[in-house]
Each structure stands twice: as structure tokens, then as C-alpha cells.
A.B. asks: 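My questions all concern the structure below.
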There are 2 protein chains.
Amino acid sequence: MAQDEGIVQSVDRALTLLELMASPDDARRLSDLARRSGLAVSTTHRLLTTLERRGFALHDPQSGSWTVGQRANLVGDSFSLHGSLVVPARPILRDLRDLTRETANLGVIEAEEAVTVAQSESREIMRAIAPPGGRVPVLNSGMGKAIVATWPDAAIDTLIERQGLRPLTSHSLRSKDDVFAEIHRIRVQGFALDDEEYVIGMRCVAAPVWSEMSEAIAAVSVSGLAARLTRDHVPAIAKQVVDKAAQLTKAIGGQAATL
Amino acid sequence: MAQDEGIVQSVDRALTLLELMASPDDARRLSDLARRSGLAVSTTHRLLTTLERRGFALHDPQSGSWTVGQRANLVGDSFSLHGSLVVPARPILRDLRDLTRETANLGVIEAEEAVTVAQSESREIMRAIAPPGGRVPVLNSGMGKAIVATWPDAAIDTLIERQGLRPLTSHSLRSKDDVFAEIHRIRVQGFALDDEEYVIGMRCVAAPVWSEMSEAIAAVSVSGLAARLTRDHVPAIAKQVVDKAAQLTKAIGGQAATL
DNA sequence: AAATGTTTTCCATAATGTGGAAAGGGCGAC
DNA sequence: GTCGCCCTTTCCACATTATGGAAAACATTT
């Protein structure tokens, strides 16, 4: 009964369920999904439970209805980013890593948090390990600040109102005044510095990448141990980062906004 | 060795691979993924192949690198839509279905095509079956036209330039003039009519749903067999559709743009 | 041309997924 | 309030199906 050779039945079935959950049809209880997929109810239940434990499916016990989970959304987003941003970014990140000998990152803002979407790891033994794929409060990260600084003041204000400040280390920004002073500095300098504001012992220099529509859609950064990436080194590193960010902007046909 | 009871091992592993592919790390060849996931190479290969056949993974034979596939993107999108749009829409669509006795739909525009994201099926024996989840050229669907009509003329022009017109039936729009005449009519009337332009035998009446930022982010429609949903009925149906679209707009905190 | 590393195919083994059936819940009808 | 229906969840015996080692094909480097 193996019509398809070399593929994993249970995985194939789980994917079918994911697609059924994504379909507009509103028959989405266990028994509906079982019927629609042609699987046994118990099998369907086991597969859905598996998807749920991993956050790929979401179950509302109230109505009994199953929907696609947030994890699937995160994974899915990586597809759209990939073609338009990550692919052109990779060689540039590698260059940057080799020039600086530190870890080079590409990040975007999603759901008001900074997310790293591509990374080229430093080859040094001691290297900065920004949790890859991890989500960081925008104002605690170099990449986040680089992007936010391109926003109008009013939007930044709203952001702070909405999520407040969450100082993570003794160096983190603590007041609205701090933030605006910092934003101003970023605008003047053309790059953002995370000076042990996210994790003690790590510094990070970031610059924005611009879209065709002159929106800052991403940021390039270099992160390194504070011990090696000292304040003295920041200007030289910043020059490289700004340069590579501009190169990526060009590669994707973007254009910096005129401030 | 069953530490997790009641979950499907192979599916769990496949999900791990999906997440690894979505992670920023650029070690994404078969052997890298095997190492990172801790699975045997042959197992990893089989799982990836399974994901690939279904479009959830993408393999570039050139570089050997694996990335997340487009199917994962489509599935993932349904998550973000769900919370903000589909959930509030469901009861409204059901109402609309019961009022009109025809199939009620909610659609959005994605990648310049109209996609149905929720649906409440008519209970009649003969009912319109707009392929649910199917993608339709924007200008061949009521929902698409209802949304596009809210765009500035220049944007509509670009759209036509980019994808051309693809008449699907003898009633479809065939020239740029047709389109603009139609768009004008929609703006005046406040609803869009698909008069057998997508499939002969089906009529469809649609009205836009507005976001907080006064952008038309979706459309509500009723689709029925032309034999039952005659031209005479259109005005009455349109009133219901416009009404329900406004109700949904209100439910999501949206506001219609002032024309 | 040899050596190293990576992807793909094959196969014996038993671990793992499967679906029927029974137990457990929830909801509406009477 | 109780019964009865339908839907969800758990259980279990069975063999189908997934598994990983090894070998074969393919690429890349020295």
C-alpha cells in the first residue's frame, strides 16, 4: 500500500492537517478534520496533539476548533524573508564577519520585537552568541534601535507607551528622555550602538537597510564580546557595518530616506 | 525510550527540521541539519524529502541548502489572519449566509491575487462553490474588485501593467477602459459585482472591510448561482453585504476612508 | 588521480504509528 | 433532573512503517 516511495506517512498526514487548518472552511473540529482528511479520528487526534505541543496548531477547548499556531507563522515568514532579503544578505554578512572577525547579523522588526533572520558566526573561540532567531525588545538591541531611529518621533512615542521600557542590564535605557537622546545620537552618527544593554559583556553595532519605498526594513549588525569589541574599536567597526548595510540596500534595490 | 507519550516521533522531528530551516544560522545543508537536529543523516534526508514533496521545504541542488518552502508560508499566514480577522468575521458570515441563503465569503489580497480566507457555505443543494482557499486574479473576482476600487488610480494602473488582464469568461473585463469604468461604478455604488466574470453561472456581490488605518484589508462577499442570484436580486443582496462588511469593520476597530 | 566529504539509495530490524473500541465529557431534548 | 446523542480522549494488540547503519553514487579539494 506504499504508493509513494521514500516519504514518511505520518509527516505527510500532519502536513495535510496543517493545510486543512489553514483552509477557509470552518469545519475545524477534530471530527471535521478527520473526515476532511480521511484519517481515523484517533490518528487525527494524535497528529494534532503533536502539532499543538510544538505550537504549530492551536486548540480552543471551548469551541473545540483547531487553528494554525504561531510557530507555523514564524516558520512561514522565513520563506518570504528568504527570497527578498536573506539570500542577497548572506555573502555580505560573510564579508562583514571576515572583515571584523566577529559575528555578523541581519535582523528585522516583527511584532514590535527585533528578530535575527540571518547570521554569519564569528570563527573566534570566544564569540558573541546572540540567541539566533530569538526575539529581543526593540530598544534593547542595536538592530532594533537602528531601525526605530528612522521612525517619526510620534511613532517611537507610541511604541514606548505600548510596551514600556524593559531595562535588561544596568546599561539599558531607563527613561523616555534616555531613549530620545539615544535616538538623536543614532540619527546623527548613522549607526546604533548596543553597549551591553541587552547582555553584559556584549557590544553590538548596527545600521539600517532600506527598501525600495525608503522604509528601513532591516538592520545589519556586528556583535562581539565587549572585551574584544572595545569602545575604541566601535568607530572602525561602525564604518564597516554602515558600508555593508548600504551595500545590501543597493543589492535589494532600496534607497535611504532623505532625513 | 518514549519520553513523550502520545506524540508522533517522526512528525515531531519534521517540525524540528522546519524550525531549523527557519533559523538564521546558515548551516543548512543536509549534513548540517542532521548534525543540528541530532538525527541520522538518512532519517533527516527522508524527512526533508517528505517536506519538499509537499512544498514545505525547498531544496537548492546547486548549493545543497534547504530552506522553508512556500506552502509553509501560506499555512503560516493563516495564523495572523485568524486572530485579527477570521475570528470576528465568522459569526458575521454565518448571519450573512442565513440572511441570503447563499455562500458568504471573506477574502484578502495576497501577492496580487484574491484569496478566500473564511467561508460560510450555503445550505442549498445547488450552491456556489468558489474554490475555497483558491487564488483568483484580483480583477476577476468581486472581492478583489471591491478592494482594488479603494486604491488610487495610479496603483490600479500599475497593477494592470504588471499582470495584464486575464479574461476568464465572455463577461470578464477586457480592456483598461472596462476596468476603470467598472471601478468608477463600484466607488459610486459602494459594492462590487462579479457578474459571471470568473465562472459562467456564478454571481458574486462584495464590499470592502476597513482597517484602523483606513485601508481596505479584506472584503466580504456573497456568491450564488446566477440562476438564483439574479440581477434583480443584486440590490437587495448588496445592501446586506455592505451592511455586514460595515459591521465587521466596526468589530475590528476599523474605519472607512473618506473618499 | 587520490582523498575527503556529502548526498542518496538500500535493507534488515523492531520500534513506532495505526485504527478499532471503549471510556470519558458535554450539551440539548424531553 | 435524567436520558441519549455526539464528540473527544485514552487504551491497546498488531503489523505497518520509520529507522539508522552501511554501501553506492556524486562533488569538491589536494
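The figures here come from the full heavy-atom set of this structure, side chains too, leaving out hydrogens, waters and symmetry mates. Here is how names work: the chains are called A, B, and so on, in the same order as the sequence lines, proteins then strands, and each is numbered from 1. Computed from a prediction, not measured in an experiment: that's the story for all the values here.
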A.B. asks: Would you indicate what Ser10(B) reaches in the nucleic acid, counting non-hydrogen atoms under 4.0 angstrom: base, sugar-phosphate, or nothing?
C.D. replies: sugar-phosphate
A.B. asks: For the base of dG21(D), is there a side-chain donor-acceptor partner from Ser42(B) under 3.5 Å away?
C.D. replies: yes
A.B. asks: Is the closest side-chain donor-acceptor distance between Gln247(B) and Lys244(B) under 3.5 Å?
C.D. replies: yes
A.B. asks: Can you tell me how far the OG atom of Ser120(A) sits from the CG atom of Leu96(A), to the nearest 0.5 Å?
C.D. replies: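 Rounded to the nearest 0.5 Å, the OG-CG separation comes to 8.5 Å.
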A.B. asks: If you look at every strand shown and take non-hydrogen atoms under 4.0 Å, does Ser31(B) touch a base, only sugar-phosphate, or nothing?
C.D. replies: sugar-phosphate
A.B. asks: Let's see if you can work this out: which of dA18(D), dT19(D), dT9(D) has an atom nearest to the side-chain heavy atoms of Leu47(B)?
C.D. replies: dT19(D)
A.B. asks: Calculate the interatomic distance between Asp60(A) atom CG and dG26(C) atom P; express it in whole Å.
C.D. replies: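 It works out to 14 Å between those atoms.
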A.B. asks: To the nearest 0.5 Å, how far apart are CZ in Arg53(A) and CG in Asp12(B)?
C.D. replies: 9.0 Å
A.B. asks: Whole angstroms only, please: what is the CZ-P distance between Arg35(A) and dT8(D)?
C.D. replies: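 Rounded to the whole Å, the gap is 11 Å.
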A.B. asks: Among dT9(D), dA18(D), dT7(C), which nucleotide has an atom closest to any side-chain atom of Val41(A)?
C.D. replies: dT9(D)
A.B. asks: Let me know, please, whether Val11(A) or Asp32(A) comes out on the 5' side of the other along DNA chain D by nearest nucleotide.
C.D. replies: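 It is Asp32(A), whose closest nucleotide lies nearer the 5' terminus.
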A.B. asks: When the distance from CZ of Arg46(A) to C1' of dG19(C) is rounded to whole Å, what number comes out?
C.D. replies: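 These atoms are roughly 8 Å apart.
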A.B. asks: So, Arg97(B) side chain and Glu102(B) main chain: donor-acceptor pair closer than 3.5 Å or not?
C.D. replies: no
A.B. asks: Please give, in whole Å, the distance from dT19(D) P to Leu17(B) CG?
C.D. replies: 10 Å
A.B. asks: Which whole-number value in Å describes the distance from Leu33(B) CG to dT7(C) C1'?
C.D. replies: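 Checked: the CG to C1' distance equals 13 Å.
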A.B. asks: Of the listed nucleotides (dT8(C), dT17(D), dT19(D)), which one gets closest to any side-chain atom of Gln9(A)?
C.D. replies: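 Closest of the options to the side chain of Gln9(A): dT17(D).
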A.B. asks: With side chains defined as the heavy atoms from C-beta onward, is the minimum distance between Gln119(B) and Thr103(B) less than 4.5 Å?
C.D. replies: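 With C-beta onward as the side chain, the pair touches.
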A.B. asks: Measure the distance from CZ on Arg28(A) to P on dC7(D) and round it to the nearest whole Å.
C.D. replies: 17 Å
A.B. asks: Among dT8(C), dG20(D), dG19(C), find the nucleotide with the atom closest to the side chain of His59(B).
C.D. replies: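 Between dT8(C), dG20(D), dG19(C), the one nearest the side chain of His59(B) would be dT8(C).
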A.B. asks: Could you state the NE2-C1' distance from His45(B) to dC11(C), rounded to the nearest angstrom?
C.D. replies: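 These atoms are roughly 16 Å apart.
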A.B. asks: Please determine, for the side chain of Arg13(B), which listed nucleotide (dT18(C), dT8(C), dG20(D)) has the closest atom?
C.D. replies: dG20(D)
A.B. asks: Rounded off to whole Å, could you give me the CG-to-P distance for the Asp12(B) and dT19(D) pair?
C.D. replies: 11 Å
